[in-house]
> 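Shown below is the structure under consideration.
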Amino acid sequence: MRQKLIMSTISSAPIGIFDSGIGGLTVAQAIKRELPNEQIVYFGDTAHLPYGDKSTAAIQSYCIKITQLLLERGCKLILIACNSASAVGYELVKEYVGKRAKVLNVIDPVVDYLRELYPGKRVGLIGTKQTVNSQVYQQKINALGRRITLHSLATPLLVPMIEEGFFKGEISEKIIEKYLNDPWLEDIKGIILGCTHYPLIKQPIQKFYGQQVEVIDSSEIMAKALKSFLGFHNLYNRNSTNSDHFMVSDFTESFEESTRLFFGEAVNLELMPLWD
Ligand code: DGL
């Protein structure tokens with residue numbers, strides 16, 4: 001009886017999601033579509049954006065501070081919705097959280113997806129310098145032993161471009177073309193959007209490739225993986241009553257605009273600076 005009571009309290013707790021800025025909102029939005037009953041507590045570390053060219057030590061320290069905050073908010077699960085943070089912070093966050101909550105990253109579900117659909121094929125990856133240099137995708141894909149060849153390219157101009165609201169149009173298409181025309185990305189069968197900002201430019205990327213190449217959108221894959229994870233651990237929220245909550249470490253217009261764009265008018269945005 002007591003056991004049952006504890007389970008239901010936990011399952012009704014929110015899901016904590018964090019990213020360096022608006023990127024993780026693509027994941028949060030996909031999760032809301034897949035799991036409308038779940039309550040989300042989102043943290044965008046806008047004060048430290050971009051993570052992509054920060055040192056590993058700096059990103060790890062942001063990850064721990066944000067995780068602590070999300071634990072204080074009673075989250076049942078912490079989802080690192082940033083590839084750069086997943087690449088260098090996941091193991092540390094998992095250790096820090098221990099049994100207090102579940103921890104997921106955005107990279108593993110994509111690697112699982114490749115295992116099923118890309119054995120023996122060549123796949124491209126675009127991401128931040130931190131994600132590409134960490135080689136974490138490469139290592140996880142090698143560990144599958146499925147003869148998947150990964151060609152990764154750092155595309156550092158894309159995040160600032162998206163943060164400034166250039167999702168489509170001539171400027172963004174030119175920058176995207178410049179990167180995707182790199183000979184290193186020739187003959188790929190699929191391209192991983194290895195940064196949570198990139199689903200916002202999925203359309204121009206898909207337009208560039210036509211139907212020849214699958215654009216692998218980690219936000220949708222992540223939402224599906226989360227759904228089966230919650231189901232497996234009996235953690236579905238069956239009686240959602242609370243509204244979603246958004247926090248930022250620095251107040252930026254771009255973030256506020258994006259949350260409204262993704263989640264409609266009723267966005268509850270709180271300024272929550274990270275301590276030094
Ligand atoms: N959202 C981050 C990621 O997925 C990229 C943005 C940044 O560099 O902070 O890697």
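Fair warning: this is a prediction, and the values are worked out from it, not measured in the lab. Note that ligands are numbered from 1 as they come in the structure, with each ligand's atoms numbered from 1 the same way.
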> With rounding to the nearest 0.5 Å, note down the distance linking CD1 in I216 to NZ in K189.
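So the gap between those two atoms works out to 12.5 Å.
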
> Below 4.0 angstrom, N of the basic side chain to O of the carboxylate: do K76 and E38 qualify?
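A salt bridge links K76 with E38.
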
> Do the rings of Y113 and Y118 sit parallel, tilted or perpendicular, given the 30° and 60° boundaries?
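Rings of Y113 and Y118: tilted, 30 to 60°.
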
> Go through the structure and list residues passing salt bridge (Lys or Arg N to Asp or Glu O under 4.0 Å) with E34, not counting sequence neighbours.
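Testing E34 for salt bridge (Lys or Arg N to Asp or Glu O under 4.0 Å), a comparison that skips the adjacent residues, returns K227.
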
> Does this structure show an ion pair linking K202 with D217, if we count only N-O contacts that are shorter than 4.0 Å?
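Salt bridge: yes.
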
> What's the verdict on side chain to side chain donor-acceptor pair (under 3.5 Å) for D45 and Y51, showing C-alpha distance, side-chain angles and the deciding distance?
CA-CA 9 Å; D45 192 7; Y51 277 10; 2.6 Å; yes

> Do any nitrogen or oxygen atoms of ligand 1 lie under 3.5 Å from a protein nitrogen or oxygen, and which ones?
residue	atom	partner	partner atom	Å
ligand 1	1 (N)	D19	OD1	2.8
ligand 1	1 (N)	T196	OG1	3.0
ligand 1	1 (N)	H197	ND1	3.2
ligand 1	4 (O)	N83	N	2.8
ligand 1	4 (O)	T196	N	2.9
ligand 1	4 (O)	T196	OG1	3.1
ligand 1	8 (O)	Y51	N	3.3
ligand 1	8 (O)	G52	N	2.8
ligand 1	9 (O)	S20	OG	2.5
ligand 1	9 (O)	Y51	N	2.6
ligand 1	10 (O)	S84	N	3.1
ligand 1	10 (O)	S84	OG	2.7

